[in-house]
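Have a look at the structure below before the remarks.
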2 protein chains.
Amino acid sequence: MKQTGRPRLFDQDKVIEDAMKVFWEKGYEASSTDDLCKATGLGRSSLYNAFGNKHDLYKRTLKKYHEQWMAVQLNILTQPIPVKKRIENLFTWSMDRDFEKNSNGCFLIKASVERSQSDSDVQKWGDVHAKFLEQTLLKIVNEGIESHEIESEKTVNDLVQSLLCSYYGLRTLNATIRNKKVAEQMVQATMTNIA
Amino acid sequence: MKQTGRPRLFDQDKVIEDAMKVFWEKGYEASSTDDLCKATGLGRSSLYNAFGNKHDLYKRTLKKYHEQWMAVQLNILTQPIPVKKRIENLFTWSMDRDFEKNSNGCFLIKASVERSQSDSDVQKWGDVHAKFLEQTLLKIVNEGIESHEIESEKTVNDLVQSLLCSYYGLRTLNATIRNKKVAEQMVQATMTNIA
DNA sequence: TGCTTTTTGTAACAATTAGTACAAAATACT
DNA sequence: AGTATTTTGTACTAATTGTTACAAAAAGCA
């Protein structure tokens with residue numbers, strides 16, 4: 001179903017991705033519409049015509065981020081390798097992202113800490129992302145218990161909650177301490193909890 | 001040593017505290033100098049005359065926050081009660097702060113996630129606060145091991161890193177999920193790791 | 001009483017902010 | 001070719017931003 005009217009000169013997905021980088025790096029408040037225009041290459045008219053306003057565009061970036069990384073994390077956690085190794089891979093993968101050049105950590109964590117109190121869209125996507133991770137971990141920890149890969153006196157719930165907590169802690173500390181050696185120790189320390 | 005000149009009509013400490021609330025709630029970028037004037041009751045002249053500029057005032061609030069809560073946390077962790085109970089108290093105390101009305105979590109965590117990448121003062125105080133917590137935990141976990149209160153095959157370091165990670169994770173998740181029941185479960189799950 | 005010093009209130013500054021008005025441009029359909 | 005529809009570029013808005021200028025006010029000291 002082709003549209004009538006002048007065709008767009010830009011790729012919508014690419015623009016959302018470019019805008020995401022701006023919000024990710026600077027945060028919502030510190031990102032000006034001018035920054036967004038420059039980063040996306042769009043003029044103000046095109047940006048407002050296509051996305052409504054700054055906050056609507058922000059929402060699109062949150063959704064896109066969630067969908068992208070949910071897929072990646074799900075992939076890591078469903079590989080045909082031992083459960084513990086998969087979990088460790090999730091942690092080392094996150095750590096590697098956190099220590100890439102110009103990394104700003106996890107966009108959704110940053111957005112949640114900055115704004116979830118005052119922005120229900122941020123609240124929603126932060127929540128969705130955390131719940132997804134929790135459910136996925138629950139599934140594979142159960143898998144590990146059934147296959148006797150994981151043997152623990154703790155309940156499945158305790159194991160999962162503790163892992164989720166460590167995951168968010170690692171990513172937050174990586175933004176604070178910024179020391180890869182320390183991060184690696186934390187991953188190892190976390191793994192001892194599902195020994 | 002009394003100063004010459006017109007005396008101040010305000011209490012410096014009170015002003016820093018009021019300004020802290022603004023930065024804490026809105027973040028640095030979203031806090032306008034007008035917000036700061038209104039919250040502190042000072043005119044623009046007085047504020048700039050006394051604190052230089054917005055960022056210098058921000059620095060004062062970071063320092064004050066660190067010093068205040070460091071004292072509280074240290075007090076919790078050095079009570080004459082079992083080590084495990086002290087650690088649990090640190091977690092429940094933090095959780096209670098996170099679920100107070102209009103809570104914005106830990107100011108330093110929020111500031112670090114928002115700005116530590118681009119603001120060396122935030123970086124510094126976030127780092128100092130984390131290191132303080134780490135060192136204090138190290139001291140009392142050692143204490144717990146020597147008194148045989150804590151018996152674990154894990155190294156002291158692993159225990160401490162895991163606790164620190166869980167602490168930051170809990171506080172970050174409390175900003176994201178905002179569910180006290182879940183938070184309580186996480187504290188319990190964390191405590192099973194130093195069983 | 002004057003002189004110095006500091007604080008205070010008012011007014012202003014240039015720059016930036018998010019968002020809009022409007023006409024020209026580019027397409028599809030008739 | 002002409003019309004409808006959408007996108008685009010330029011210019012603009014009104015409000016807000018952080019910061020400063022300056023004179024009046026309030027104290028100590030001579």
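Each chain gets a letter, A, B and so on, in the order the sequences are listed, and its residues count up from 1.
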* Asked: Got a sec, which pairs hit side-chain hydrogen bond (donor to acceptor under 3.5 Å, both in side chains) with one end in residues 45-56 of chain A, sequence neighbours left out?
  -> A:His55-A:Asp119
* Asked: What's the shortest heavy-atom distance between B:Ala111 and B:Tyr58, and which atoms?
  -> CB-OH, 3.5 Å
* Please list residues of residues 22-29 of chain A whose heavy atoms come under 4.0 Å from any atom in DNA chain C, ordered by number; otherwise none. => none
* Structure fact -> When every non-hydrogen atom of A:Leu138 is compared with those of A:Val160, the smallest separation belongs to CA-CG2, 3.6 Å
* Structure fact -> By side chain to side chain contact (heavy atoms under 4.5 Å, CB included), B:Pro7 pairs with (sequence neighbours left out) none
* Do A:Asn89 and A:Ile81 have side chains that get closer than 4.5 Å, going by heavy atoms? -> yes
* Whole Å only: how far is the NZ atom of A:Lys38 from the C1' atom of D:dG9? -> 16 Å
* Got a second to check how far B:Arg86's CZ is from B:Gln73's CD, nearest 0.5 Å? -> 15.0 Å
* Taking side chain as C-beta onward, heavy atoms only, is B:Ser152 less than 4.5 Å from B:Leu159? -> yes
* Going 5' to 3' along nucleotides 2-10 of chain C, which nucleotides have protein heavy atoms under 4.0 Å from the base (write B), which only from the sugar-phosphate (write S), and which from neither (write -)? -> ---BBBBBB
* Structure fact -> Sorted by chain and number, sequence neighbours left out, side-chain hydrogen bond (donor to acceptor under 3.5 Å, both in side chains) with A:Arg60 holds for none
* Check A:Arg178 against A:Asp98 and note the closest heavy-atom contact, atom names and distance. => NH2-O, 3.4 Å
* Can you list, by residue number, the residues of residues 51-63 of chain B that have a non-hydrogen atom closer than 4.0 angstrom to DNA chain C? -> none
* Asked: How close do B:Glu17 and B:Lys64 get, heavy atom to heavy atom, and via which atoms?
  -> OE1-CE, 2.9 Å
* Asked: How long is the line joining OH of A:Tyr48 and P of D:dA11, in whole Å?
  -> 19 Å
